[in-house]
Number of protein chains: 2
Amino acid sequence: MSEGSAARTVSNQLSEWITEGQLPPGAKVSETSVAQRLGVSRNTVREAFRLLAHDGLLVHEFNRGVFVPLVTSADVRDVYRLRRIIEPGVVRSLGRPDLHRLARLRSVVAEADEASAERDWVRVGTANMHFHRSLVSLAGSPRLDVTMRRLMAELRLVFAVIDDPRFLYEPFVRRNRELLTMMSAGRFGEGADYLEAYLADSEGAILAAFEEKESA
Amino acid sequence: MSEGSAARTVSNQLSEWITEGQLPPGAKVSETSVAQRLGVSRNTVREAFRLLAHDGLLVHEFNRGVFVPLVTSADVRDVYRLRRIIEPGVVRSLGRPDLHRLARLRSVVAEADEASAERDWVRVGTANMHFHRSLVSLAGSPRLDVTMRRLMAELRLVFAVIDDPRFLYEPFVRRNRELLTMMSAGRFGEGADYLEAYLADSEGAILAAFEEKESA
DNA sequence: ACGTAGCGAATCGTTGAACAATCTGTCTAG
DNA sequence: CTAGACAGATTGTTCAACGATTCGCTACGT
């Protein structure tokens, strides 16, 4: 499945392994081991490494190899600093109520509702990421989109080290829906403020779960 | 010079060729031709391609090759949209007057003055880029830094197609110095507003030169 | 004349093996 | 116990080759 490029499939597989915690933060990822396990050439693995390094899911140290990044609380703060700059700004800049362009957001919210009903928290998590990426895409800025994709990828890295993501994801299902309601009504300023508080809460919750993890 | 990685030296060379206009926008860059001309392996060239694609200096189309991006006026607008979000925001967020951290900015301004006196406009241009990157680095955000690096790289792409960059660079030497004066005095709010107008003018000037180019 | 199908050349994607350069850890010598 | 040499492992880079895909060209049919 997912044809097109061997390097791409390898990078997808590695991405899964990382976000599912099989490759713990700080772990070294050897070229030959991955090449053997996935039955591809070393060169292809190297190309996949570059793809993932591009999204921040791996770090490349010259002559030393690639490693799963050790995410610190400073990184979490940095990611959220950018999110707080970008996301509310996008909502605020949405002058006209382009209602039909909110369709995608609506479907993502529905998806989150469904997954939440089934207590499938990882699906809720990915739906949440899709929501925020779709939100940013409303700005119509390609460069904002790639920045946001990077940030979300790094966030997946953070969630990989947290055991029970339920209390992190569950509240956001409701808040995403409320934000969408405000935007549908054309109340973009109010939505931006709401999203700002939302993101602050989210950062706080993640940092709390994170520092609790550090003490252990 | 700049040992350590063959791929890095190749990417630096390619970067020069692109920004100096030897590789025009839209041109296809073949793997084998570059490999032969620089005396390196195809694999190394591919690695260099990925590095440059990461900064937006090349675009990679599967099974088709890599190309020098065709920058449109929409791209210029997009780059400046992000700059207007990031740079004034950084200045505004500089709460305490960390005067000693402005030292680097000061030296860059001096460099620009010197280059301007010698009418070396490409040196003025790189000094200008250094100024804005150093400005953003004051925020202490790694992710903001890499975003800014990307944006500046793409901007080099734009300048490559403009013949006489003098009237684009020259006014900014003074404005950078004035902005620095405001920041040195702790007037960050005023500086942010100044920078906002500054960026708007810059975008306008580039777009003007750009559309004039398009008509020809 | 025009559009289309098919053929062939060129280029890319990937493989596999090989060698050089570098890092890491161990073991010895002082 | 520290410093330095040595060996093993891993990465960086090269080379040659083969299938896959794209592109331009020719030839054909309408």
Side-chain angles (χ1 to χ4, degrees), chain A residues 1-18 22-70 146 149 157, chain B residues 1-18 22-70 146 149 157:
Chain A
M1 57 185 78
S2 127
E3 261 321 300
S5 161
R8 188 60 62 112
T9 58
V10 170
S11 85
N12 287 340
Q13 183 64 69
L14 282 171
S15 180
E16 272 190 30
W17 287 351
I18 294 172
Q22 309 195 14
L23 289 174
K28 171 169 182 171
V29 187
S30 133
E31 294 180 357
T32 58
S33 76
V34 173
Q36 282 184 330
R37 195 177 324 188
L38 296 182
V40 295
S41 163
R42 246 182 82 207
N43 278 324
T44 303
V45 173
R46 288 172 67 86
E47 178 127 359
F49 282 174
R50 290 171 228 148
L51 289 177
L52 292 171
H54 181 286
D55 283 345
L57 254 67
L58 285 178
V59 291
H60 182 10
E61 299 182 22
F62 187 82
N63 265 331
R64 293 212 34 203
V66 302
F67 302 82
V68 181
L70 277 169
V146 342
R149 197 187 75 211
L157 216 49
Chain B
M1 62 176 78
S2 119
E3 264 319 303
S5 163
R8 186 61 62 109
T9 57
V10 171
S11 84
N12 287 342
Q13 183 63 69
L14 281 172
S15 179
E16 271 190 31
W17 287 350
I18 295 172
Q22 309 195 13
L23 290 174
K28 171 169 180 173
V29 188
S30 128
E31 295 181 354
T32 58
S33 76
V34 174
Q36 282 184 330
R37 196 177 324 187
L38 296 182
V40 294
S41 163
R42 250 181 79 208
N43 277 326
T44 303
V45 174
R46 288 171 67 87
E47 177 132 1
F49 281 174
R50 275 226 116 272
L51 289 177
L52 292 171
H54 181 285
D55 283 346
L57 254 67
L58 286 178
V59 292
H60 181 12
E61 300 182 22
F62 187 81
N63 264 331
R64 294 209 40 215
V66 303
F67 303 82
V68 181
L70 277 168
V146 340
R149 198 187 74 211
L157 215 48

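Order of the sequence lines fixes the chain letters, A, B, ..., with proteins taken first and strands second; residue numbering starts at 1 for each chain. Keep in mind it's a predicted model, so treat the numbers as computed, not measured. Because only heavy atoms are used, hydrogens play no part in the values below, and waters and symmetry mates are left out as well, while side chains stay in.
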Q: Might you point out which heavy atoms bring A:P69 and A:G56 nearest each other, and give the distance in Å?
A: CG-O, 3.5 Å

Q) Could you state the CZ-C1' distance from B:R50 to C:dC12, rounded to the nearest angstrom? A) 15 Å

Q: Take atom CD of B:Q36 and atom P of C:dT11, then tell me their distance rounded to the nearest Å.
A: 10 Å

Q.
Judged by each residue's nearest nucleotide on DNA chain D, which is more toward the 5′ side, A:V66 or B:G39?
A. A:V66

Q. What's the CD-P distance between B:E61 and D:dT21, to the nearest Å?
A. 17 Å

Q.
Do B:I18 and B:S15 make a side-chain contact, defined as non-hydrogen atoms from C-beta onward lying under 4.5 Å apart?
A. no

**Q.** A:N63, nearest nucleotide to its side chain (from C:dT15, D:dG12, D:dT13)
**A.** D:dG12

Q: Give, for atom CZ of B:R149 and atom NE2 of B:H54, the distance between the pair rounded to the nearest 0.5 Å.
A: 6.5 Å

Q | Separation of atom CZ in B:F49 from atom P in D:dT13, rounded to whole Å | A | 15 Å

Q) With respect to the side chain of B:N43, which nucleotide from D:dC15, C:dC12, C:dT22 is positioned closest? A) D:dC15

Q) Whole-Å distance between D:dT13 P and B:L51 CG? A) 10 Å

Q: Kindly indicate whether the side chain of A:L58, heavy atoms from C-beta on, has any atom under 4.5 Å from the side chain of A:L51.
A: no

Q: May I ask you to decide whether B:R8 forms a salt bridge with B:E47, counting only side-chain N to carboxylate O separations under 4.0 Å?
A: no

Q: Figure out the CZ/P separation between B:R46 and D:dT14, and round it to whole Å.
A: 14 Å

Q: Rounded to the nearest angstrom, tell me the gap between atom CG in B:L38 and atom P in D:dT13.
A: 14 Å

Q) When you measure from the side chain of A:E31, which nucleotide among C:dG16, D:dT11, D:dT13 comes out closest? A) D:dT11

Q | Spacing of B:F62 atom CZ relative to C:dT11 atom P, expressed in whole Å | A | 18 Å

Q) B:S30 or A:S41: which one's nearest nucleotide on DNA chain C is closer to the 5' end? A) B:S30

Q.
Is B:R42 close enough to D:dT14 that one of its side-chain N or O atoms is under 4.0 Å from OP1 or OP2 there?
A. no

(Q) Looking at A:R64, I'd like to know whether one of its side-chain N or O atoms comes within less than 4.0 Å of OP1 or OP2 on C:dT22. (A) no

